[in-house]
Amino acid sequence: MIILWIVLGVIGVPLLALGLYFLKAIVQGAIEGWRGADDGSEEDADQPYELPAAAAALGMKPPEEQNGDSAAPVPAVLTSAVAAAKSGDWQPAADLLEATATARDWENRSFHSSWLADAAADDDTWLLAWESARPDDPGAALVRARSTVALAGKIRGSKQAKYTTAEQFQGFRRVMEQSREHHARAISVGVEGDPVPYVGLISTALGLGDPHIEMERIWKELTDRDPHHYEAHYMALQYWCAKWRGSEKLARDFAAEAAAKAPAGSLMTVFPLIAHFEHDESDTTDADRTPEMRALVDAVLADVAAADPDHPRLAEVRHLLAYYLCLQDRDEAAVEQFRLVDGYVDALPWRYRGDPAGEFCRMRDLSLGNVGGGGDEGVSG
């Protein structure tokens with residue numbers, strides 16, 4: 001397959017990968033107007049989509065009903081907190097983050113704070129009220145820090161560099177510099193052992209082009225607190241990719257080490273797959289069907305089976321797993337993963353496509369057809 005390389009910077013301007021919420025915007029800008037071979041043939045695009053009977057029988061949805069804003073249903077407690085914040089009430093957000101701190105649930109603290117930060121980047125009236133009422137609240141400081149990253153992304157915009165003004169780039173850098181200060185404060189008033197402010201610092205390091213020695217410092221602080229944190233590893237892998245601050249070797253080595261050291265159920269085994277995905281420029285699926293790649297997919301299958309069903313990143317892993325199972329003609333297993341995530345498409349690999357919902361449904365329907373004895377024998381580039 002052809003993996004879209006996201007080349008957004010210009011000479012002297014940082015490349016941008018600033019958090020899961022901002023990465024989505026950057027990807028959308030980079031693929032604006034692009035439709036690759038993975039989107040199906042032009043002839044197919046001219047035909048109205050018809051949901052296969054096998055998909056309908058499993059309760060699966062057509063492209064127009066796929067949610068492009070998340071990888072899975074967002075927990076009701078989080079959607080309620082975000083809605084309350086947008087209406088001016090910060091208390092549910094404060095309660096939500098306080099609960100994650102009490103439980104030392106760093107995965108959900110990371111997940112929840114990123115959604116709240118995105119809301120604050122649009123309108124921080126509620127966050128200002130929270131900060132005024134509780135000046136040293138760790139949750140408020142965390143949301144403020146992460147919201148500056150999201151705000152920088154909104155100022156820069158999601159279009160390619162040639163369509164972005166000097167003022168946008170200057171504004172982006174100014175706010176990103178502020179994010180470093182806000183993250184330092186979030187650390188100073190933070191909950192003991194909380195790794196999440198350091199996750200945000202990775203975004204800052206990426207956006208401002210910090211050297212490897214600074215990334216390594218951040219990484220030590222973070223992994224001393226939580227050695228197998230999902231979003232931290234995702235963002236760090238982006239840093240080490242060739243398209244950002246590293247190289248293919250650095251990215252693959254980082255991912256392999258993360259997977260090798262992690263306990264079952266941590267979902268760390270997905271990172272070698274992501275490293276492969278980020279650097280695969282081939283126009284066929286041969287590289288995805290090697291014994292080594294099948295072994296990587298098998299490891300992720302086992303990891304997913306051992307994971308907490310409520311892990312906030314589990315669906316993201318299932319999306320990529322479904323994709324590679326389909327590429328490897330392991331269609332029964334692919335259909336099961338597609339079934340579990342159907343209705344949501346904000347995840348790799350779909351978010352790198354010009355038509356995420358359409359590509360998701362194309363590959364899902366292909367595996368369904370193969371399982372039913374119809375359809376193509378495999379996936380072409």
Side-chain angles (χ1 to χ4, degrees), residues 3 17 20 23 71 104-108 110-111 193 195-196 198-199 201-203 205-206 212-280 282 286-325 327-328 330 333 337 347-349:
I3 298 301
L20 296 180
L23 278 173
R104 302 183 69 80
D105 183 355
W106 308 133
E107 293 290 355
N108 272 308
S110 175
F111 186 76
V196 182
Y198 293 95
V199 178
L201 272 180
I202 298 175
S203 300
L206 241 169
H212 291 183
I213 190 170
E214 173 61 10
M215 177 61 189
E216 289 163 357
R217 183 195 70 79
I218 295 169
W219 193 242
K220 184 179 187 308
E221 293 284 357
L222 195 156
T223 52
D224 282 349
R225 290 162 173 80
D226 188 352
H228 309 299
H229 190 282
Y230 187 93
E231 187 184 358
H233 279 79
Y234 183 90
M235 292 308 304
L237 178 56
Q238 292 296 314
Y239 179 97
W240 293 117
C241 280
K243 66 182 180 182
W244 303 127
R245 305 297 176 193
S247 67
E248 179 174 354
K249 183 179 187 305
L250 286 171
R252 288 185 182 274
D253 287 351
F254 171 84
E257 182 178 0
K261 291 182 175 180
S266 65
L267 304 180
M268 296 291 103
T269 57
V270 76
F271 292 109
L273 276 187
I274 295 176
H276 170 81
F277 177 82
E278 293 284 5
H279 296 92
D280 181 13
S282 64
D286 292 346
D288 304 310
R289 303 184 185 200
T290 64
E292 292 78 13
M293 282 296 293
R294 290 182 69 90
L296 289 182
V297 171
D298 286 342
V300 180
L301 276 168
D303 210 4
V304 163
D308 181 347
D310 294 326
H311 193 299
R313 309 293 181 176
L314 179 57
E316 295 177 28
V317 178
R318 290 192 187 279
H319 278 279
L320 197 64
L321 187 53
Y323 173 72
Y324 278 109
L325 287 166
L327 291 179
Q328 293 176 358
R330 301 164 72 176
Q337 299 302 321
L348 291 179

Does the ring centre of Trp219 sit less than 6.0 Å away from the ring centre of Phe254? yes
Would Phe271 and Phe277 count as a close aromatic pair, with their ring centres under 6.0 Å?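 No.
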Do the side chains of [Y] and [X] get nearer than 4.5 Å, heavy atoms only?
X      : Y      : result
Met268 : Lys261 : no
Arg313 : Tyr234 : no
Leu267 : Glu316 : no
Leu273 : Tyr323 : no
Val300 : Val304 : yes
Val297 : Leu321 : yes

How many angstroms lie between atom [atom1] of [X] and atom [atom2] of [Y], to the nearest 0.5 angstrom?
X      : Y      : atom1 : atom2 : value
Ile218 : Thr223 : CD1   : OG1   : 11.5 Å
Glu278 : Leu237 : CD    : CG    : 6.5 Å
Asp253 : Glu248 : CG    : CD    : 10.0 Å
Arg289 : Leu327 : CZ    : CG    : 7.0 Å
Gln337 : Leu301 : CD    : CG    : 6.0 Å
Leu222 : Tyr198 : CG    : OH    : 8.5 Å

Under 3.5 Å, side chain of [X] to main-chain N/O of [Y], donor-acceptor pair present?
X      : Y      : answer
His279 : Ala242 : yes
Arg217 : Ile213 : no
Gln328 : Asp288 : yes
Asp303 : Gly265 : yes
Arg245 : His212 : no
His233 : His229 : yes

Determine, step by step, whether Arg225 and Trp106 satisfy the side chain to side chain contact (heavy atoms under 4.5 Å, CB included) criterion, reporting the C-alpha distance in whole Å, the side-chain angles of both residues, the deciding distance to 0.1 Å, and the verdict. CA-CA 10 Å; Arg225 290 162 173 80; Trp106 308 133; 6.0 Å; no
Any salt bridge linking Lys220 with Glu216? Criterion: basic side-chain nitrogen under 4.0 Å from a carboxylate oxygen.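 Judged by the 4.0 Å cut-off on N to carboxylate O distance, Lys220 and Glu216 do not form a salt bridge.
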Answer yes or no: is there an ion pair linking Arg104 with Asp226, defined by an N-O contact shorter than 4.0 Å?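 No, Arg104 and Asp226 are not salt-bridged.
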I'd like to check the side-chain contact (heavy atoms from CB on, under 4.5 Å) partners of Pro312; sequence neighbours left out, ordered by chain and number.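 Per chain and number, Pro312 pairs via side-chain contact (heavy atoms from CB on, under 4.5 Å) with Glu107, Asn108, Phe111.
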Taking all atoms of both residues into account, what is the closest heavy-atom pair of [X] and [Y], and its distance?
X      : Y      : value
Cys241 : Ala251 : CA-CB, 3.9 Å
Ile202 : Ala236 : CG2-N, 4.0 Å
Val199 : Ala232 : CG2-CB, 3.8 Å

Which residues satisfy the side chain to side chain donor-acceptor pair (under 3.5 Å) test with His319, sequence neighbours excluded? Trp350
